[in-house]
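No experiment lies behind these values; they were computed from the predicted model shown.
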Amino acid sequence: MTDQPAQPEVTAQPVQFASLDTPAPAPHPEAATLDLLMDVLLRVSVELGRTRLPVKEVLALQQGSVVELDRLAGEPVDVLVNDRLIAHGEVVVIEDKFGIRITETISPSKRQILE
């Protein structure tokens, strides 16, 4: 027979919490989530058009070279956020700087089709 020390007796009781007189209103879960994202920086870019060139032609580019794009003058430009199309717009000039006026936003369902 081995002599083991006696185990102390454990007594458990349920915890009693004080009641709150006026519960705080639960914040709307989406609003709380959006507040966390409001200061996140995103890369916004505007695409006038695209083209494909062989390396030889890219290396030959110099000041004054003209690269033909796949869009006509006056066609809407694409507005991308982190390389995802979100809108179409038109180029405007604001105090000697270029800007974009949004003419159409792309719905999330249409974005999935375009990707």
Enumerate the residue pairs fulfilling side-chain hydrogen bond (donor to acceptor under 3.5 Å, both in side chains) with a member in residues 43-60, sequence neighbours excluded, ordered by first and then second residue. Arg43-Asp83, Glu47-Arg50
Hphob cluster co-occupancy, Phe98 + Val46, side-chain heavy atoms under 4.5 angstrom: yes
CD of Glu75 to CD of Glu90, rounded to nearest 0.5 Å, is 13.0 Å
Heavy-atom side-chain proximity of Val91 to Ile100 below 4.5 angstrom: yes
Closest heavy-atom pair, Pro76 versus His88, reported as atoms and distance to 0.1 Å, is CB-CB, 4.1 Å
Should Arg84 and Asp78 count as an ion pair when the cut-off is N to O under 4.0 Å? no
Contact between Val92 and Ile94 at the side-chain level, heavy atoms closer than 4.5 Å - yes or no? yes
Do Val44 and Val79 have side-chain heavy atoms sitting under 4.5 Å apart? yes
Check: Leu61 and Val67 side chains under 4.5 Å, non-hydrogen atoms: yes
Shared hydrophobic cluster for Ile106 and Leu80 (ILVMFWY, side-chain gaps under 4.5 Å): no
Supply the atom-to-atom distance Leu69 CG to Leu48 CG, rounded to the nearest 0.5 angstrom. 7.0 Å
What are the two closest non-hydrogen atoms of Ser65 and Ala60, and how far apart are they? OG-O, 4.3 Å
